[in-house]
Amino acid sequence: MIDVLSVSSEVYPLVKTGGLADVAGALPAALSSYDVQVRTLLPFYPAVKKLVKKAELVVEIEELFGGAARLLAAKHAGLDLLLIDAPHLYDRPGGIYGDPSGKDLPDNWQRFAALSFVAAQLGQGLAKPYRPDVIHAHDWQAGLVPAYVEFGPGKKKPKTLMTVHNLAFQGQFGPEIFKELHLPPRAFSMDGVEYYGGVGFLKAGLQCANALSTVSPTYAAEIRTPEFGMGLDGLLRVRAGQLHGILNGIDETAWDPGSDKNLIAPFRVSTVTKRAQNKLAVQNRFGLQEDGSPLFSVVSRLTWQKGIDLLAENVDMLVSMGAQLAVLGSGEPALEAAMQAAAERNPGRVGTIIGYDESLSHLMQGGTDATLVPSRFEPCGLTQLIGLRYGCVPIVARTGGLADTIIDANTMALNAGVATGIQFSPVTANALGDALRRAVRLYHQPQVWGQMQRRGMKTDVSWGASAQVYAELYHSLLGRTPGDAHKDD
Ligand code: ADP
Ligand code: GLC
């Protein structure tokens with residue numbers, strides 16, 4: 001059995017802003033079949049305190065980046081949690097990264113250096129007898145973990161895995177913070193945390209971890225190029241031998257169209273026609289005409305990454321083809337405004353809800369005909385996986401994990417009976433327009449469309465296969481093979 005400490009700034013169902021939370025929330029259970037037990041380290045944010053009422057004290061920490069803290073243990077929704085209770089760092093109004101207006105908190109470097117610091121201390125026996133064999137760090141917020149392990153004391157150190165969920169967020173700060181990170185001076189170098197003269201949290205993780213991964217094979221290849229590497233491609237090319245691309249899955253109990261309480265009419269492959277009732281409910285919710293038009297949906301952060309501007313350029317064309325569009329999301333103010341304006345221009349045909357609504361996102365996947373993911377880059381993407389499972393045909397840009405998970409309905413794939421969605425490339429407004437036209441044509445061939453939906457629903461989007469790959473990776477870091485009976489200390 002291997003003990004893994006998973007370190008993440010968000011974990012579903014406790015606190016979520018995006019797919020990272022879904023992954024950190026679902027992977028532990030999936031790994032339990034593969035000789036791996038996971039504890040998850042998370043800040044005890046106010047939102048988490050509301051959900052986790054019973055937590056036991058593990059250890060008091062006298063001083064953690066400017067105040068006293070406590071490490072607590074709790075179980076919740078099948079997760080084995082370690083929670084950092086440090087009100088001076090985590091008790092803030094607003095979201096987990098920003099103030100109520102959405103602006104990044106100025107002390108985020110301290111808040112997440114503390115998360116990483118405690119993780120590394122756990123590796124040194126802070127909560128003895130517990131000592132993880134492997135620390136699995138997710139994204140920049142946990143990026144300092146491998147640096148703290150490498151430059152910290154201790155003879156027998158845990159192995160570290162750094163997973164990139166999104167290279168666009170790197171945690172880059174000025175050099176002046178270095179002296180407060182509790183790292184030795186030699187860590188401020190190219191082989192450590194130094195990055196373009198400042199401190200790079202994600203860079204540190206990528207530099208110092210024993211192994212690296214990202215969330216799809218295609219993104220693992222893309223980030224080694226200047227186009228997608230966001231300045232880190234050189235380092236990633238050097239470390240290509242340690243970089244793995246492992247596809248995300250989804251939690252099939254949280255996302256089960258057959259028992260989903262958010263749907264008006266739950267359905268299975270054999271009863272997929274029941275989706276029509278959910279469609280009416282979506283149309284009603286978004287103020288759309290309740291007719292049989294092809295209904296497209298977007299459930300997304302409304303950002304440049306997600307190609308929402310490309311969609312905005314196509315909305316009127318989509319409406320002129322007789323289609324409808326329902327948009328749920330929030331993000332960049334200009335893109336929110338563009339989607340709201342599209343709805344105002346096209347009453348009854350386009351509806352936009354600005355906000356975050358987990359329950360409505362389920363209904364949209366279970367009731368709309370197709371889910372749009374026109375991302376400029378997409379490390380993995382979960383909405384298209386959820387779309388597959390819910391018979392909501394994914395229309396996606398051919399990039400990252402979207403390229404790896406959807407089989408485009410080209411003539412050959414349709415003839416061979418393997419298509420599960422529509423892909424387009426290059427990622428431009430024109431190519432998206434072509435994809436939307438293709439989708440509407442296919443929608444009007446109910447047999448072909450129905451086959452695509454059912455095929456998608458039968459596609460394996462579970463964690464099974466990928467959890468096994470993670471387990472093998474942890475085992476290989478420790479020089480073991482899965483099934484080895486004993487921990488060696
Ligand atoms: P990312 O993590 O880049 O935002 P993913 O596709 O990996 O993209 O994951 C997004 C997750 O967040 C999915 O579970 C999706 O359903 C959810 N989501 C995104 N926006 C919203 C929203 N406005 N309301 C509800 N769920 C949302
Ligand atoms: C990031 C990526 C997304 C991925 C998610 C979970 O937020 O943008 O593509 O699915 O992390 O790995």
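All ligand and atom numbering here is 1-based and tracks the order in the structure. Numbers here simply count residues along the sequence, with the first being 1.
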Enquirer: Going by heavy atoms, is Gly381 under 4.0 Å from ligand 2?
Expert: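 Checking ligand 2 against Gly381, which is what was asked, there is a heavy-atom contact under 4.0 Å.
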Enquirer: Would you say the side-chain atoms of Arg301 and Thr17 include a donor-acceptor pair closer than 3.5 Å?
Expert: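 Arg301 vs Thr17: no donor-acceptor pair found between side chains.
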Enquirer: In the protein, what heavy atom is nearest to atom 2 (C) of ligand 2, and what distance, to one decimal place, separates them?
Expert: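 Nearest neighbour among protein heavy atoms for atom 2 (C) of ligand 2, to 0.1 Å: His165 O, 3.1 Å.
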Enquirer: For ligand 2, which atoms, with element, lie under 4.0 Å from some heavy atom of Val23?
Expert: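 It comes down to these atoms of ligand 2: 6 (C), 12 (O).
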Enquirer: Between Leu20 and ligand 2, which residue portion shows a heavy-atom distance shorter than 4.0 Å: side chain, backbone, both, or neither?
Expert: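 Just the backbone.
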Enquirer: Can you list the atoms of ligand 2 that are under 4.0 Å from a heavy atom of Gln305?
Expert: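 Answer, ordered by atom number: 8 (O).
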Enquirer: Give a yes or no on whether a salt bridge exists between Asp434 and Arg438, defined as a side-chain N under 4.0 angstrom from a carboxylate O.
Expert: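 No, Asp434 and Arg438 are not salt-bridged.
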Enquirer: Is there a donor in the side chain of Asn166 and an acceptor in the side chain of Asp139, or the other way round, less than 3.5 Å apart?
Expert: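 Short answer, no.
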Enquirer: If you take the centroid of each ring, where Trp contributes its six-membered ring, are Tyr474 and His136 closer together than 6.0 Å?
Expert: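 Between His136 and Tyr474, the centre distance is under 6.0 Å.
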Enquirer: Dump the pairs for me: ligand 1 N or O, protein N or O, distance under 3.5 Å, to 0.1 Å.
Expert:
{"from": "ligand 1", "atom 1": "2 (O)", "to": "Gly19", "atom 2": "N", "distance (Å)": "2.6"}
{"from": "ligand 1", "atom 1": "3 (O)", "to": "Arg301", "atom 2": "NH2", "distance (Å)": "2.8"}
{"from": "ligand 1", "atom 1": "3 (O)", "to": "Lys306", "atom 2": "NZ", "distance (Å)": "2.8"}
{"from": "ligand 1", "atom 1": "4 (O)", "to": "Arg301", "atom 2": "NE", "distance (Å)": "2.8"}
{"from": "ligand 1", "atom 1": "6 (O)", "to": "Leu382", "atom 2": "N", "distance (Å)": "2.8"}
{"from": "ligand 1", "atom 1": "6 (O)", "to": "Thr383", "atom 2": "N", "distance (Å)": "3.4"}
{"from": "ligand 1", "atom 1": "7 (O)", "to": "Leu382", "atom 2": "N", "distance (Å)": "3.4"}
{"from": "ligand 1", "atom 1": "8 (O)", "to": "Lys306", "atom 2": "NZ", "distance (Å)": "3.1"}
{"from": "ligand 1", "atom 1": "9 (O)", "to": "Gly19", "atom 2": "N", "distance (Å)": "3.3"}
{"from": "ligand 1", "atom 1": "14 (O)", "to": "Lys16", "atom 2": "NZ", "distance (Å)": "2.9"}
{"from": "ligand 1", "atom 1": "14 (O)", "to": "Asp22", "atom 2": "OD2", "distance (Å)": "2.9"}
{"from": "ligand 1", "atom 1": "23 (N)", "to": "Gly355", "atom 2": "O", "distance (Å)": "2.9"}
{"from": "ligand 1", "atom 1": "24 (N)", "to": "Asp357", "atom 2": "N", "distance (Å)": "3.0"}

Enquirer: Aromatic rings Tyr470 and Trp463: how do their planes relate, parallel, tilted or perpendicular, breaks at 30° and 60°?
Expert: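 Tilted: the ring planes of Tyr470 and Trp463 meet at 30° to 60°.
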Enquirer: Would you say Ser9 and Tyr97 are linked by a side-chain donor-acceptor pair, where the criterion is simply a distance under 3.5 Å?
Expert: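 There is such a pair between these side chains.
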Enquirer: Taking atom types as modelled and ignoring hydrogens, do the side chains of Arg111 and Asn108 form a donor-acceptor contact shorter than 3.5 angstrom?
Expert: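 Asn108 and Arg111 do have a side-chain donor-acceptor pair below 3.5 Å.
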Enquirer: Does this structure show an ion pair linking Glu290 with Lys279, if we count only N-O contacts that are shorter than 4.0 Å?
Expert: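 Salt bridge flag = no for Lys279 with Glu290.
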Enquirer: Which of the atoms in ligand 2, numbered in the order shown and given with their element, are less than 4.0 Å from a heavy-atom of Gly19?
Expert: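 In order of numbering, the contacting atoms are 5 (C), 6 (C).
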Enquirer: How close does the nearest protein non-hydrogen atom get to atom 9 (O) of ligand 2, and which residue and atom is it?
Expert: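 Scanning the protein heavy atoms, the shortest distance from atom 9 (O) of ligand 2 goes to Glu378 OE2, 2.4 Å.
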Enquirer: Which ligand 2 atoms are under 4.0 Å away from a heavy-atom of Asn166?
Expert: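 Those atoms are 8 (O).
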Enquirer: Does the ring center of Tyr219 lie less than 6.0 Å from the ring center of Phe228?
Expert: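 Between Tyr219 and Phe228, the centre distance exceeds or equals 6.0 Å.
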Enquirer: When you check the gap from the basic side-chain N to the acidic O, do Arg389 and Asp260 get nearer than 4.0 Å?
Expert: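 Salt bridge: no.
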Enquirer: Would you indicate which of Asn248, Leu167, Leu382, Val373 comes nearest to atom 6 (C) of ligand 2 when only heavy atoms are counted?
Expert: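 Of the listed residues, Asn248 has the closest heavy atom.
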